[in-house]
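Here is the structure we will look at, set down as C-alpha coordinates.
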There are 2 protein chains.
Amino acid sequence: MALGKDYATQECSIARALEVVGERWTLLVVRDALYGVRRYNDFLVHLGIPRAVLAARLQALTAAGVLEKRRYQESPPRDEYVVTERGRELWPALRALGAWGRGIPGTAPMREFRHVTCGSPLGVVGECTGCGGLVPLEEVEMLPGEGLDPDPADPVSRALLEPRRLLQPVVTEPV
Amino acid sequence: MALGKDYATQECSIARALEVVGERWTLLVVRDALYGVRRYNDFLVHLGIPRAVLAARLQALTAAGVLEKRRYQESPPRDEYVVTERGRELWPALRALGAWGRGIPGTAPMREFRHVTCGSPLGVVGECTGCGGLVPLEEVEMLPGEGLDPDPADPVSRALLEPRRLLQPVVTEPV
DNA sequence: CACGGTAGGTTCGGTCACTGAACCAAGAAG
DNA sequence: CTTCTTGGTTCAGTGACCGAACCTACCGTG
(Lines give C-alpha, C1' and ligand atoms only; values in the text may rest on other atoms or scores of the structure.)
Protein backbone atom coordinates (compact mmCIF):
# COMPACT_ATOMS: atom_id res chain seq x y z
CA MET A 1 0.00 0.00 0.00
CA ALA A 2 2.90 2.30 0.45
CA LEU A 3 1.37 3.60 3.55
CA GLY A 4 3.95 5.36 5.60
CA LYS A 5 2.68 8.85 5.82
CA ASP A 6 -1.00 8.29 6.41
CA TYR A 7 -1.23 5.08 8.35
CA ALA A 8 1.50 6.31 10.67
CA THR A 9 -0.92 8.84 12.11
CA GLN A 10 -3.42 6.09 12.90
CA GLU A 11 -3.35 5.17 16.52
CA CYS A 12 -4.30 1.60 15.97
CA SER A 13 -2.57 -1.76 16.03
CA ILE A 14 -4.51 -2.83 12.96
CA ALA A 15 -3.15 0.12 11.00
CA ARG A 16 0.36 -0.69 12.13
CA ALA A 17 -0.05 -4.30 11.09
CA LEU A 18 -1.27 -3.12 7.71
CA GLU A 19 1.82 -0.96 7.36
CA VAL A 20 3.78 -4.19 7.28
CA VAL A 21 1.50 -6.64 5.52
CA GLY A 22 -1.12 -4.37 3.93
CA GLU A 23 0.45 -3.84 0.56
CA ARG A 24 -0.67 -5.74 -2.48
CA TRP A 25 0.68 -9.31 -2.64
CA THR A 26 2.28 -9.17 0.80
CA LEU A 27 -0.23 -11.37 2.60
CA LEU A 28 -0.24 -13.83 -0.27
CA VAL A 29 3.54 -14.11 0.00
CA VAL A 30 3.19 -14.85 3.71
CA ARG A 31 0.45 -17.37 2.98
CA ASP A 32 2.70 -19.18 0.53
CA ALA A 33 5.57 -19.09 3.00
CA LEU A 34 3.33 -20.74 5.61
CA TYR A 35 2.34 -23.34 3.04
CA GLY A 36 6.01 -24.19 2.69
CA VAL A 37 7.11 -22.13 -0.31
CA ARG A 38 10.64 -20.84 0.24
CA ARG A 39 12.34 -20.00 -3.03
CA TYR A 40 12.14 -16.90 -5.14
CA ASN A 41 11.24 -18.85 -8.22
CA ASP A 42 8.53 -20.85 -6.50
CA PHE A 43 6.84 -17.70 -5.21
CA LEU A 44 7.14 -16.28 -8.68
CA VAL A 45 5.40 -19.05 -10.59
CA HIS A 46 2.83 -19.78 -7.90
CA LEU A 47 1.72 -16.20 -7.38
CA GLY A 48 2.17 -14.82 -10.88
CA ILE A 49 3.62 -11.68 -9.29
CA PRO A 50 5.95 -9.27 -11.15
CA ARG A 51 9.55 -10.04 -10.33
CA ALA A 52 10.35 -6.53 -9.12
CA VAL A 53 7.38 -6.55 -6.76
CA LEU A 54 8.31 -9.96 -5.39
CA ALA A 55 11.88 -8.83 -4.72
CA ALA A 56 10.57 -5.73 -2.92
CA ARG A 57 8.12 -7.74 -0.82
CA LEU A 58 10.65 -10.38 0.18
CA GLN A 59 13.06 -7.68 1.23
CA ALA A 60 10.42 -5.77 3.18
CA LEU A 61 9.15 -8.90 4.92
CA THR A 62 12.70 -9.87 5.80
CA ALA A 63 13.35 -6.40 7.21
CA ALA A 64 10.12 -6.66 9.23
CA GLY A 65 11.24 -9.97 10.71
CA VAL A 66 8.45 -11.99 9.11
CA LEU A 67 10.78 -13.93 6.85
CA GLU A 68 14.40 -14.88 7.23
CA LYS A 69 16.82 -15.10 4.34
CA ARG A 70 18.91 -18.21 4.61
CA ARG A 71 21.72 -19.60 2.47
CA TYR A 72 20.84 -23.16 1.56
CA GLN A 73 23.69 -23.93 -0.78
CA GLU A 74 27.04 -22.29 -1.38
CA SER A 75 27.84 -23.11 -4.94
CA PRO A 76 26.12 -21.61 -6.69
CA PRO A 77 25.03 -19.37 -3.80
CA ARG A 78 21.31 -19.74 -3.28
CA ASP A 79 19.08 -18.23 -0.63
CA GLU A 80 15.66 -19.22 0.57
CA TYR A 81 13.12 -17.31 2.61
CA VAL A 82 11.78 -19.05 5.69
CA VAL A 83 8.99 -17.80 7.93
CA THR A 84 10.06 -16.76 11.39
CA GLU A 85 8.13 -17.16 14.61
CA ARG A 86 6.83 -13.66 14.00
CA GLY A 87 5.60 -14.74 10.61
CA ARG A 88 3.88 -17.80 12.03
CA GLU A 89 1.92 -15.55 14.32
CA LEU A 90 0.17 -14.24 11.23
CA TRP A 91 -1.53 -17.60 10.75
CA PRO A 92 -4.65 -16.76 12.80
CA ALA A 93 -5.17 -13.60 10.77
CA LEU A 94 -4.69 -15.42 7.47
CA ARG A 95 -6.90 -18.26 8.58
CA ALA A 96 -9.64 -15.82 9.61
CA LEU A 97 -9.41 -14.02 6.28
CA GLY A 98 -9.57 -17.31 4.43
CA ALA A 99 -12.57 -18.45 6.43
CA TRP A 100 -14.28 -15.18 5.61
CA GLY A 101 -13.39 -15.51 1.94
CA ARG A 102 -15.08 -18.88 1.81
CA GLY A 103 -18.33 -17.13 2.57
CA ILE A 104 -18.15 -15.11 -0.65
CA PRO A 105 -21.03 -16.33 -2.82
CA GLY A 106 -20.48 -18.33 -5.98
CA THR A 107 -17.36 -20.18 -4.94
CA ALA A 108 -16.37 -23.63 -3.76
CA PRO A 109 -13.99 -24.20 -0.86
CA MET A 110 -10.41 -24.32 -2.04
CA ARG A 111 -8.64 -26.02 0.83
CA GLU A 112 -9.57 -27.80 4.03
CA PHE A 113 -7.50 -27.68 7.21
CA ARG A 114 -7.44 -30.39 9.83
CA HIS A 115 -5.77 -30.99 13.16
CA VAL A 116 -3.67 -33.96 12.19
CA THR A 117 -3.45 -35.53 15.64
CA CYS A 118 -7.21 -35.70 16.15
CA GLY A 119 -8.61 -35.40 12.63
CA SER A 120 -11.03 -32.54 13.41
CA PRO A 121 -11.39 -29.63 11.01
CA LEU A 122 -10.08 -26.22 12.04
CA GLY A 123 -12.39 -23.39 13.12
CA VAL A 124 -12.42 -19.90 11.68
CA VAL A 125 -9.29 -18.80 13.50
CA GLY A 126 -7.24 -21.95 13.37
CA GLU A 127 -8.49 -23.52 16.57
CA CYS A 128 -9.32 -27.20 16.63
CA THR A 129 -13.04 -27.87 16.69
CA GLY A 130 -12.34 -31.23 18.28
CA CYS A 131 -9.86 -30.73 21.09
CA GLY A 132 -10.55 -27.02 21.39
CA GLY A 133 -7.16 -25.36 21.59
CA LEU A 134 -5.05 -23.43 19.14
CA VAL A 135 -3.25 -25.89 16.90
CA PRO A 136 0.52 -25.61 16.39
CA LEU A 137 1.23 -25.02 12.72
CA GLU A 138 3.20 -28.25 12.46
CA GLU A 139 0.05 -30.17 13.37
CA VAL A 140 -2.15 -28.55 10.74
CA GLU A 141 -2.82 -30.68 7.72
CA MET A 142 -3.89 -29.00 4.50
CA LEU A 143 -6.09 -30.88 2.04
CA PRO A 144 -7.29 -29.85 -1.41
CA GLY A 145 -10.94 -28.80 -1.63
CA GLU A 146 -13.40 -29.23 -4.44
CA GLY A 147 -12.84 -25.75 -5.84
CA LEU A 148 -9.22 -26.46 -6.65
CA ASP A 149 -8.02 -27.02 -10.21
CA PRO A 150 -7.08 -30.73 -10.31
CA ASP A 151 -4.35 -30.20 -12.91
CA PRO A 152 -2.63 -26.84 -12.46
CA ALA A 153 0.13 -25.66 -14.76
CA ASP A 154 2.86 -24.67 -12.31
CA PRO A 155 4.79 -27.23 -10.28
CA VAL A 156 4.20 -25.44 -6.96
CA SER A 157 0.43 -25.69 -7.31
CA ARG A 158 0.88 -29.34 -8.20
CA ALA A 159 2.96 -29.96 -5.11
CA LEU A 160 0.29 -28.24 -3.00
CA LEU A 161 -2.38 -30.62 -4.31
CA GLU A 162 -1.09 -33.35 -2.03
CA PRO A 163 -2.33 -33.44 1.55
CA ARG A 164 0.52 -31.94 3.54
CA ARG A 165 1.49 -30.17 6.74
CA LEU A 166 1.89 -26.43 7.01
CA LEU A 167 5.51 -25.20 6.96
CA GLN A 168 6.67 -28.41 5.33
CA PRO A 169 9.02 -27.24 2.57
CA VAL A 170 7.64 -27.48 -0.94
CA VAL A 171 9.78 -29.58 -3.24
CA THR A 172 9.13 -28.90 -6.88
CA GLU A 173 9.97 -32.11 -8.64
CA PRO A 174 11.39 -31.53 -12.11
CA VAL A 175 8.99 -31.98 -15.01
CA MET B 1 -5.34 -3.04 -4.31
CA ALA B 2 -7.31 -3.02 -7.51
CA LEU B 3 -6.85 -6.68 -7.81
CA GLY B 4 -9.28 -8.09 -10.28
CA LYS B 5 -7.11 -9.48 -12.99
CA ASP B 6 -4.37 -11.11 -10.98
CA TYR B 7 -5.96 -12.23 -7.78
CA ALA B 8 -8.85 -13.72 -9.75
CA THR B 9 -6.53 -16.43 -10.95
CA GLN B 10 -5.56 -17.33 -7.39
CA GLU B 11 -7.34 -20.42 -6.21
CA CYS B 12 -7.48 -19.37 -2.63
CA SER B 13 -10.08 -18.07 -0.21
CA ILE B 14 -7.57 -15.63 1.20
CA ALA B 15 -7.00 -14.10 -2.21
CA ARG B 16 -10.73 -13.81 -2.73
CA ALA B 17 -11.15 -12.13 0.62
CA LEU B 18 -8.40 -9.69 -0.30
CA GLU B 19 -10.22 -8.90 -3.52
CA VAL B 20 -12.94 -7.42 -1.35
CA VAL B 21 -11.07 -5.98 1.61
CA GLY B 22 -7.47 -5.91 0.42
CA GLU B 23 -7.33 -2.43 -1.03
CA ARG B 24 -5.79 0.42 0.83
CA TRP B 25 -8.04 1.87 3.56
CA THR B 26 -10.71 -0.80 3.16
CA LEU B 27 -9.98 -2.74 6.34
CA LEU B 28 -9.65 0.47 8.30
CA VAL B 29 -13.09 1.52 7.12
CA VAL B 30 -14.49 -1.82 8.30
CA ARG B 31 -12.67 -1.44 11.60
CA ASP B 32 -14.21 1.98 12.13
CA ALA B 33 -17.61 0.62 11.17
CA LEU B 34 -17.26 -2.09 13.83
CA TYR B 35 -16.25 0.56 16.33
CA GLY B 36 -19.55 2.28 15.64
CA VAL B 37 -18.65 4.90 13.03
CA ARG B 38 -21.48 5.23 10.54
CA ARG B 39 -21.37 8.58 8.77
CA TYR B 40 -19.37 9.72 5.79
CA ASN B 41 -18.02 12.71 7.61
CA ASP B 42 -17.01 10.71 10.67
CA PHE B 43 -15.05 8.22 8.58
CA LEU B 44 -13.48 11.17 6.81
CA VAL B 45 -12.12 13.00 9.84
CA HIS B 46 -11.23 9.89 11.78
CA LEU B 47 -9.30 8.17 8.98
CA GLY B 48 -7.87 11.21 7.21
CA ILE B 49 -8.75 9.47 3.94
CA PRO B 50 -9.22 11.33 0.64
CA ARG B 51 -12.89 11.95 -0.03
CA ALA B 52 -12.89 10.25 -3.41
CA VAL B 53 -11.32 7.11 -1.98
CA LEU B 54 -13.76 7.02 0.92
CA ALA B 55 -16.72 7.30 -1.44
CA ALA B 56 -15.29 4.48 -3.59
CA ARG B 57 -14.65 2.22 -0.58
CA LEU B 58 -18.07 2.78 0.95
CA GLN B 59 -19.69 1.98 -2.36
CA ALA B 60 -17.57 -1.14 -2.89
CA LEU B 61 -18.17 -2.40 0.65
CA THR B 62 -21.88 -1.80 0.24
CA ALA B 63 -21.86 -3.71 -3.04
CA ALA B 64 -19.96 -6.55 -1.35
CA GLY B 65 -22.58 -6.75 1.40
CA VAL B 66 -20.21 -5.72 4.17
CA LEU B 67 -21.94 -2.41 4.81
CA GLU B 68 -25.52 -1.36 4.31
CA LYS B 69 -26.54 2.13 3.27
CA ARG B 70 -29.44 3.28 5.36
CA ARG B 71 -31.46 6.49 5.34
CA TYR B 72 -31.47 7.92 8.83
CA GLN B 73 -33.30 11.16 8.20
CA GLU B 74 -35.49 12.40 5.39
CA SER B 75 -35.08 16.10 5.41
CA PRO B 76 -32.43 16.75 4.46
CA PRO B 77 -31.89 13.22 3.14
CA ARG B 78 -28.95 11.66 4.97
CA ASP B 79 -27.56 8.16 4.76
CA GLU B 80 -25.40 6.19 7.12
CA TYR B 81 -23.38 3.03 6.57
CA VAL B 82 -24.01 0.18 8.99
CA VAL B 83 -22.08 -3.08 9.17
CA THR B 84 -24.02 -6.14 8.13
CA GLU B 85 -23.74 -9.63 9.58
CA ARG B 86 -21.25 -10.34 6.80
CA GLY B 87 -19.21 -7.36 7.94
CA ARG B 88 -19.28 -8.49 11.56
CA GLU B 89 -17.76 -11.77 10.49
CA LEU B 90 -14.60 -9.82 9.66
CA TRP B 91 -14.05 -9.13 13.35
CA PRO B 92 -11.89 -12.22 14.01
CA ALA B 93 -9.62 -11.29 11.12
CA LEU B 94 -9.33 -7.68 12.26
CA ARG B 95 -8.78 -8.75 15.83
CA ALA B 96 -6.04 -11.17 14.77
CA LEU B 97 -4.35 -8.47 12.71
CA GLY B 98 -4.55 -6.03 15.59
CA ALA B 99 -3.13 -8.57 18.01
CA TRP B 100 -0.27 -9.16 15.60
CA GLY B 101 0.27 -5.42 15.18
CA ARG B 102 0.69 -5.07 18.92
CA GLY B 103 3.77 -7.22 18.67
CA ILE B 104 5.53 -4.70 16.43
CA PRO B 105 8.45 -3.34 18.45
CA GLY B 106 8.54 0.20 19.75
CA THR B 107 4.85 0.70 20.32
CA ALA B 108 2.47 0.74 23.22
CA PRO B 109 -0.90 -1.00 23.11
CA MET B 110 -3.57 1.27 21.71
CA ARG B 111 -6.77 -0.38 22.85
CA GLU B 112 -7.81 -3.17 25.15
CA PHE B 113 -10.78 -5.43 24.56
CA ARG B 114 -12.75 -7.17 27.28
CA HIS B 115 -15.66 -9.54 27.49
CA VAL B 116 -18.07 -7.25 29.29
CA THR B 117 -20.13 -9.96 30.99
CA CYS B 118 -17.13 -11.60 32.67
CA GLY B 119 -14.44 -8.95 32.59
CA SER B 120 -11.76 -11.09 31.00
CA PRO B 121 -9.55 -9.73 28.23
CA LEU B 122 -9.97 -11.06 24.70
CA GLY B 123 -7.50 -13.47 23.11
CA VAL B 124 -5.79 -12.99 19.79
CA VAL B 125 -8.82 -13.90 17.74
CA GLY B 126 -11.57 -12.36 19.81
CA GLU B 127 -12.26 -15.32 22.05
CA CYS B 128 -12.77 -14.77 25.76
CA THR B 129 -9.79 -15.88 27.83
CA GLY B 130 -12.11 -16.28 30.80
CA CYS B 131 -15.17 -18.15 29.63
CA GLY B 132 -13.49 -19.55 26.56
CA GLY B 133 -15.96 -19.05 23.72
CA LEU B 134 -16.20 -16.57 20.89
CA VAL B 135 -17.67 -13.35 22.23
CA PRO B 136 -20.62 -11.71 20.44
CA LEU B 137 -19.59 -8.27 19.28
CA GLU B 138 -22.24 -6.61 21.43
CA GLU B 139 -20.51 -8.03 24.51
CA VAL B 140 -17.07 -6.71 23.62
CA GLU B 141 -15.99 -3.65 25.55
CA MET B 142 -13.28 -1.47 24.10
CA LEU B 143 -11.02 0.53 26.43
CA PRO B 144 -8.32 3.04 25.64
CA GLY B 145 -4.75 1.78 26.06
CA GLU B 146 -1.67 3.65 27.15
CA GLY B 147 -0.46 4.28 23.62
CA LEU B 148 -3.50 6.38 22.76
CA ASP B 149 -3.33 10.16 22.43
CA PRO B 150 -5.31 11.45 25.44
CA ASP B 151 -6.47 14.60 23.65
CA PRO B 152 -7.03 13.95 19.96
CA ALA B 153 -8.12 16.66 17.55
CA ASP B 154 -11.09 15.08 15.84
CA PRO B 155 -14.41 14.46 17.61
CA VAL B 156 -14.61 10.82 16.53
CA SER B 157 -11.32 9.95 18.20
CA ARG B 158 -12.53 11.79 21.29
CA ALA B 159 -15.74 9.79 21.35
CA LEU B 160 -13.72 6.58 21.03
CA LEU B 161 -11.67 7.47 24.12
CA GLU B 162 -14.55 6.45 26.33
CA PRO B 163 -14.92 2.81 27.26
CA ARG B 164 -17.67 1.54 24.97
CA ARG B 165 -19.17 -1.49 23.30
CA LEU B 166 -18.40 -2.48 19.76
CA LEU B 167 -21.09 -1.56 17.20
CA GLN B 168 -22.51 1.08 19.51
CA PRO B 169 -23.10 4.10 17.25
CA VAL B 170 -20.61 6.92 17.65
CA VAL B 171 -22.23 10.22 18.51
CA THR B 172 -20.02 13.18 17.81
CA GLU B 173 -21.09 15.81 20.23
CA PRO B 174 -20.76 19.31 18.81
CA VAL B 175 -17.67 21.26 19.86
C1' DC C 1 36.38 -23.19 -24.15
C1' DA C 2 31.75 -22.04 -26.25
C1' DC C 3 27.00 -22.78 -25.29
C1' DG C 4 22.88 -23.27 -22.98
C1' DG C 5 20.27 -23.56 -18.68
C1' DT C 6 18.96 -22.08 -13.88
C1' DA C 7 18.34 -19.04 -9.82
C1' DG C 8 17.79 -14.62 -8.43
C1' DG C 9 17.59 -10.58 -9.26
C1' DT C 10 17.66 -5.09 -11.58
C1' DT C 11 16.07 -1.70 -15.08
C1' DC C 12 12.72 0.64 -17.71
C1' DG C 13 8.64 2.65 -20.02
C1' DG C 14 3.56 2.57 -19.63
C1' DT C 15 -0.55 2.43 -16.97
C1' DC C 16 -3.51 2.84 -13.18
C1' DA C 17 -4.78 3.83 -8.45
C1' DC C 18 -4.20 7.10 -4.75
C1' DT C 19 -3.70 11.96 -3.22
C1' DG C 20 -5.14 16.63 -2.11
C1' DA C 21 -7.55 20.50 -3.45
C1' DA C 22 -11.25 22.51 -5.64
C1' DC C 23 -15.86 22.42 -6.93
C1' DC C 24 -20.92 21.07 -6.68
C1' DA C 25 -25.71 20.41 -4.77
C1' DA C 26 -29.67 19.99 -1.65
C1' DG C 27 -31.52 21.46 2.18
C1' DA C 28 -31.41 24.18 6.86
C1' DA C 29 -30.41 28.14 9.43
C1' DG C 30 -30.05 32.94 10.05
C1' DC D 1 -30.41 35.98 0.21
C1' DT D 2 -26.34 34.29 2.17
C1' DT D 3 -23.99 30.90 4.71
C1' DC D 4 -23.36 26.32 6.79
C1' DT D 5 -23.58 21.25 6.84
C1' DT D 6 -23.49 16.79 4.70
C1' DG D 7 -22.19 14.04 1.14
C1' DG D 8 -20.41 13.75 -2.44
C1' DT D 9 -17.75 14.49 -7.85
C1' DT D 10 -13.94 16.28 -10.77
C1' DC D 11 -9.31 16.94 -11.89
C1' DA D 12 -4.25 17.32 -12.28
C1' DG D 13 -0.05 15.32 -10.19
C1' DT D 14 2.41 11.59 -8.21
C1' DG D 15 3.76 7.20 -6.97
C1' DA D 16 3.04 2.20 -7.10
C1' DC D 17 2.32 -1.64 -9.98
C1' DC D 18 2.77 -4.00 -14.45
C1' DG D 19 5.20 -6.90 -18.01
C1' DA D 20 9.14 -7.44 -20.66
C1' DA D 21 13.85 -7.23 -21.23
C1' DC D 22 18.23 -7.45 -19.46
C1' DC D 23 22.08 -8.80 -16.14
C1' DT D 24 25.11 -11.82 -13.16
C1' DA D 25 26.92 -16.00 -11.16
C1' DC D 26 27.43 -20.52 -11.57
C1' DC D 27 26.89 -25.22 -13.44
C1' DG D 28 26.81 -29.04 -16.97
C1' DT D 29 27.73 -30.61 -21.55
C1' DG D 30 30.36 -31.34 -25.84
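Within every chain, numbering begins at 1; the chains are lettered A, B, ... in the order of the sequence lines, protein sequences first and strands thereafter. Note that this is a predicted model, so its numbers are computed, not measured.
- Between L47(A) atom CG and dG19(D) atom P the separation is 12 Å, expressed in whole Å.
- Relative ring orientation between F113(B) and W91(B) is described as perpendicular, the plane-to-plane angle rising above 60° on a 0-90° scale split at 30° and 60°.
- In this structure, L54(A) places its CG atom 18 Å from P of dA16(D), rounding to the nearest Å.
- Partners of A64(B) under the side chain to side chain contact (heavy atoms under 4.5 Å, CB included) rule, at least two apart in sequence or in another chain, are V20(B), V66(B).
- dG7(D) atom C1' lies 18 Å from atom CZ of R57(B), rounded to whole Å.
- Across all strands, V53(A) comes closer than 4.0 Å only to sugar-phosphate atoms, never to a base (heavy-atom distances).
- A side-chain N or O of T107(B) and one of R16(A) form a donor-acceptor pair less than 3.5 Å apart.
- Two different hydrophobic clusters hold V124(A) and W100(A) under the rule that ILVMFWY side chains link at heavy-atom gaps under 4.5 Å.
- The CD1 atom of I49(B) sits 15 Å away from the P atom of dA21(C) (whole-angstrom rounding).
- Under the 3.5 Å distance criterion, with hydrogens and angles disregarded, no donor-acceptor pair is assigned to the side chains of H46(B) and D154(B).
- The CZ atom of R165(A) sits 9.0 Å away from atom CD of E138(A), with the distance rounded to the nearest 0.5 Å.
- Between E127(B) and R95(B) there is no salt bridge, since no side-chain nitrogen of the basic residue lies less than 4.0 Å from a carboxylate oxygen of the acidic one.
- With no hydrogens or angles considered, a side-chain donor-acceptor pair links R57(B) and T26(B) at under 3.5 Å.
- Remark: W25(B) is in phosphate contact with dT19(C), judged by side-chain N or O atoms under 4.0 Å from OP1 or OP2.
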Per-nucleotide protein contact string for nucleotides 8-15 of chain C, where B marks a base within reach and S marks sugar-phosphate only (heavy atoms under 4.0 Å, - for neither): BBBB----

Show each protein N/O and nucleotides 2-5 of chain C N/O combination with a separation under 3.5 Å, one pair to a line.
none

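- Across all their heavy atoms, H115(A) and L122(A) have their closest contact at N-CD1, 3.5 Å.
- Remark: P of dT9(D) and CG of L44(B) are 13 Å apart, rounded to the nearest angstrom.
- Look at CD on E23(B): it is 11 Å from P on dT19(C), rounded to the nearest Å.
- Considering only side-chain N and O atoms, R24(B) lies under 4.0 angstrom from the phosphate OP1 or OP2 of dT19(C).
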